[in-house]
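Here's the structure we're looking at; comments come further down.
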Amino acid sequence: MKQGWIQVETDGTKEPLAPKTIADMVYVDESQEKTVKEALAEGFVAVFVHTKSVVNGQRVHNFEGPSGFVGLGRAMITETILPNDQFTLNGTICAAYQGGESLYSTMLQGYWAIFMIDGTVINFNLGGAGNQVRLIAVPSKATLPAMEKENAIGVVTTVAIPSWEINENQPQTPVDDMVWIQTGSASATPFSPTQKNSLMIYPVRGAQYISGSWVDKELYVFQGGQWNGMGVFLYNRGETMTSLTGGYNNYTNDERKPNEATDFARYRITDNTDCTHIELNDQSGWWGGGAYRSTKLKIDLTHYKKLLLVAKNAECSVGLETHANSIWIANTVASNPSDQTLVAASYSSKTGDIVITLDVSDYAGSYFVGFGSKVTGNSNLARSIMDVVQVMLLTA
């Protein structure tokens with residue numbers, strides 16, 4: 001079997017080993033590769049229409065196409081297909097396999113599947129539609145296995161999972177106790193389910209359909225030898241995640257102590273290719289002030305538990321009052337840092353590589369998210385610096 005890319009067009013053309021979209025990826029024999037154009041012309045490759053229904057609580061996928069057809073078929077996957085789903089061919093129950101084995105991959109909505117049809121058997125050769133994602137259920141985080149398959153997903157639940165789906169949108173016909181893994185445009189735990197890493201999935205949260213409603217669940221992804229909490233990036237190595245955050249506003253001020261015109265404070269925010277540099281140098285006797293940046297849009301925290309900031313090259317020299325690197329949430333953002341009111345915040349005065357965590361599990365609804373340095377009183381020779389690398393929301 002040769003791994004290759006073929007662009008299959010309705011006009012019978014092909015471009016061997018030249019990918020255009022993830023949907024173009026198929027696995028073909030050497031003999032198949034050179035005869036796809038001929039097969040299309042001869043009617044050997046047929047286009048089928050995929051639909052999904054739920055019968056007695058069981059997901060059933062029907063592939064509608066030429067009656068009695070034997071040969072190579074393809075179909076756009078209109079609803080995610082799971083390994084334990086059932087199948088029909090033109091309305092007749094059929095067996096489904098993957099390369100001659102029991103179906104073990106999930107086929108993602110929106111991609112083409114390639115398959116062989118022989119009587120009442122569909123043998124999938126998944127290409128871009130198939131993936132190798134493994135999902136396990138555990139009663140607690142402590143019971144997650146020490147080792148797992150890379151990109152395996154762990155769901156903390158005591159309710160058995162009959163099926164699951166990866167999709168940006170909520171499933172339209174959910175099955176009792178199924179798990180929905182919601183995707184977005186950015187994630188703290190992105191992964192590719194394809195062998196050539198040509199399709200990226202950005203999981204942001206997970207929920208289980210219990211007693212007629214979606215219940216948030218802790219989800220973890222096994223990457224690099226450890227389990228990482230699933231979540232979404234608000235900032236990642238220079239990327240501001242504008243579709244979610246709206247971008248960022250920077251706020252700095254230079255507040256002088258009355259009658260002291262000779263001293264000055266310097267506040268600086270610099271965007272670099274891999275981080276945001278935030279620096280506060282506060283001279284003796286100065287009151288208030290700070291340097292921080294805030295999301296332009298409010299962020300919905302309802303389904304998340306932690307707000308996490310990762311920074312490097314941190315320095316912090318604390319004066320007479322609170323003064324430290326921080327991450328926070330607020331209902332409004334003041335243009336003058338001295339006037340900023342926070343709903344919740346977490347601070348760090350450590351140096352070097354730092355991680356600041358804020359528990360947001362009690363804050364449903366939307367808030368502005370900000371990070372930086374702030375002097376809350378009469379500081380004395382205070383200095384605060386950090387290069388912010390990542391800011392993310394985590395579900396666990």
Give, for atom CD of Q208 and atom CG of D177, the distance between the pair rounded to the nearest 0.5 Å.
5.5 Å
Residue that, paired with K312, satisfies salt bridge (charged side-chain N to carboxylate O under 4.0 Å, His left out) out of D274, D353, D387
D274
Chi angles and distances behind the side chain to side chain contact (heavy atoms under 4.5 Å, CB included) call for Q223, E150:
CA-CA 6 Å; Q223 294 180 331; E150 185 74 5; 3.8 Å; yes
Ignoring hydrogens and geometry, is there a side-chain-to-backbone donor-acceptor pair from T276 to V388 under 3.5 Å?
no
With rounding to the nearest 0.5 Å, note down the distance linking CG in N151 to CG in L135.
12.5 Å
Note, E64 side chain near T51 side chain (heavy atom, < 4.5 Å):
no
Should E148 and W227 count as side-chain neighbours, where that means a heavy-atom distance under 4.5 Å?
yes
Working note: Y304 + V232, criterion side chain to side chain contact (heavy atoms under 4.5 Å, CB included); need CA distance, chi angles, decisive distance, verdict.
CA-CA 9 Å; Y304 298 96; V232 60; 3.6 Å; yes
Value rounded to 0.5 Å, distance of CH2 in W164 from CH2 in W180:
15.0 Å
Taking every non-hydrogen atom, the tightest pair across V179 and W214
C-CZ3, 4.5 Å
Once you round to the nearest 0.5 Å, how far does CG of N250 lie from CZ of R268?
13.0 Å
Could you verify whether a donor N or O on one side chain and an acceptor N or O on the other, from N325 and S348, lie under 3.5 Å apart?
no
Would you indicate whether the side-chain heavy atoms of F191 and I153 approach each other to under 4.5 Å?
yes
Is there a chain of hydrophobic side chains (I, L, V, M, F, W, Y, each step under 4.5 Å between heavy atoms) that links I299 to Y367?
yes
For T157 and V159, work out which heavy atoms get closest and say how close.
OG1-N, 3.0 Å
Exercise: do Q182 and N167 side chains pair donor with acceptor under 3.5 Å:
no
For Q226 and N228, run side chain to side chain donor-acceptor pair (under 3.5 Å): C-alpha distance rounded to whole Å, both residues' side-chain angles, the deciding distance at 0.1 Å, then the answer.
CA-CA 6 Å; Q226 65 181 15; N228 300 309; 3.0 Å; yes
Are more than 12 heavy atoms from other residues, nucleotides or ligands located less than 6.0 Å from atom NZ of K298?
yes
Exactly one of F63, F115, F124 clears ring-ring contact (aromatic ring centres under 6.0 Å, His included) with F48, and that residue is F115
Checking side chain to side chain contact (heavy atoms under 4.5 Å, CB included) for the pair E239/F233: CA distance, chi angles, key distance, verdict?
CA-CA 9 Å; E239 296 184 37; F233 280 115; over 6 Å; no
Can you find a pair of side-chain heavy atoms, one from T245 and one from L297, that are under 4.5 Å apart?
no
Locate the shortest heavy-atom distance separating Y347 from S326; write the atom from each residue and the value.
CD2-CB, 3.4 Å
For the residue pair E279 and A291, what are the closest heavy atoms and their distance?
O-CB, 4.1 Å
For a 4.5 angstrom cut-off between non-hydrogen side-chain atoms, does N313 reach C275?
no
Test of understanding: clusters of I, L, V, M, F, W, Y form through side-chain heavy atoms closer than 4.5 Å, transitively. Do Y235 and I356 belong to the same one?
yes
May I ask whether L234 and F368 are part of the same hydrophobic cluster, defined by side-chain heavy atoms of I, L, V, M, F, W, Y residues being less than 4.5 angstrom apart, directly or through others?
no
Would you say the side-chain atoms of N123 pair up with the backbone N or O of M116, donor to acceptor, closer than 3.5 Å?
no
Can you tell me if K52 has over 12 outside heavy atoms packed within less than 6.0 Å of its NZ?
yes
If you define the side chain from C-beta out and look only at heavy atoms, does anything of T80 sit under 4.5 Å from I166?
no
Starting from I181, can I reach L144 by hopping between I/L/V/M/F/W/Y residues whose side chains sit under 4.5 Å apart?
no
Got a second to check how far Y363's OH is from D300's CG, nearest 0.5 Å?
15.5 Å
Not counting sequence neighbours, which residues clear side-chain contact (heavy atoms from CB on, under 4.5 Å) with S140? List them please.
A142, T143
Only counting residues at least two apart or in another chain, list the ones meeting side-chain hydrogen bond (donor to acceptor under 3.5 Å, both in side chains) with T242.
T240
Distance from I269 atom CD1 to Y248 atom OH, nearest 0.5 Å?
12.0 Å
Taking it one step at a time, do D271 and R293 satisfy side chain to side chain contact (heavy atoms under 4.5 Å, CB included)?
CA-CA 11 Å; D271 285 314; R293 67 182 344 192; 3.1 Å; yes
Between S187 (side chain) and G231 (backbone), is there a donor-acceptor pair under 3.5 Å?
yes
Heavy-atom nearest pair, A334 first then Y251, reads O-CD2, 3.6 Å
Is a side-chain N or O of N90 found less than 3.5 angstrom from the main chain of G65, in a donor-acceptor match?
yes
Could you check whether atom CD1 of I210 has more than 12 heavy atoms from other residues, nucleotides or ligands sitting under 6.0 Å from it?
yes
Can you find a heavy atom in the side chain of S346 that is under 4.5 Å from one in the side chain of T357?
no
Indicate if L244 and L309 have the same hydrophobic cluster label, given that clusters are the connected sets of ILVMFWY residues with side-chain heavy-atom separations under 4.5 angstrom.
yes
Quiz: residues 389-396 side-chain donor-acceptor pairs under 3.5 angstrom, not counting sequence neighbours:
residue : atom : partner : partner atom : Å
Q390    : NE2  : N236    : OD1          : 3.0
T395    : OG1  : M230    : O            : 2.9

Of R205, K141, K305, which is the lone residue that meets salt bridge (charged side-chain N to carboxylate O under 4.0 Å, His left out) with E218?
K305
Would you name the heavy atoms of I278 and G372 that are closest together and state the gap between them?
CD1-CA, 3.8 Å
Is it true that a side-chain atom of T183 and a backbone atom of E168 form a donor plus acceptor pair closer than 3.5 Å?
yes
Under 3.5 Å donor-acceptor, T78 side chain and H50 backbone:
yes
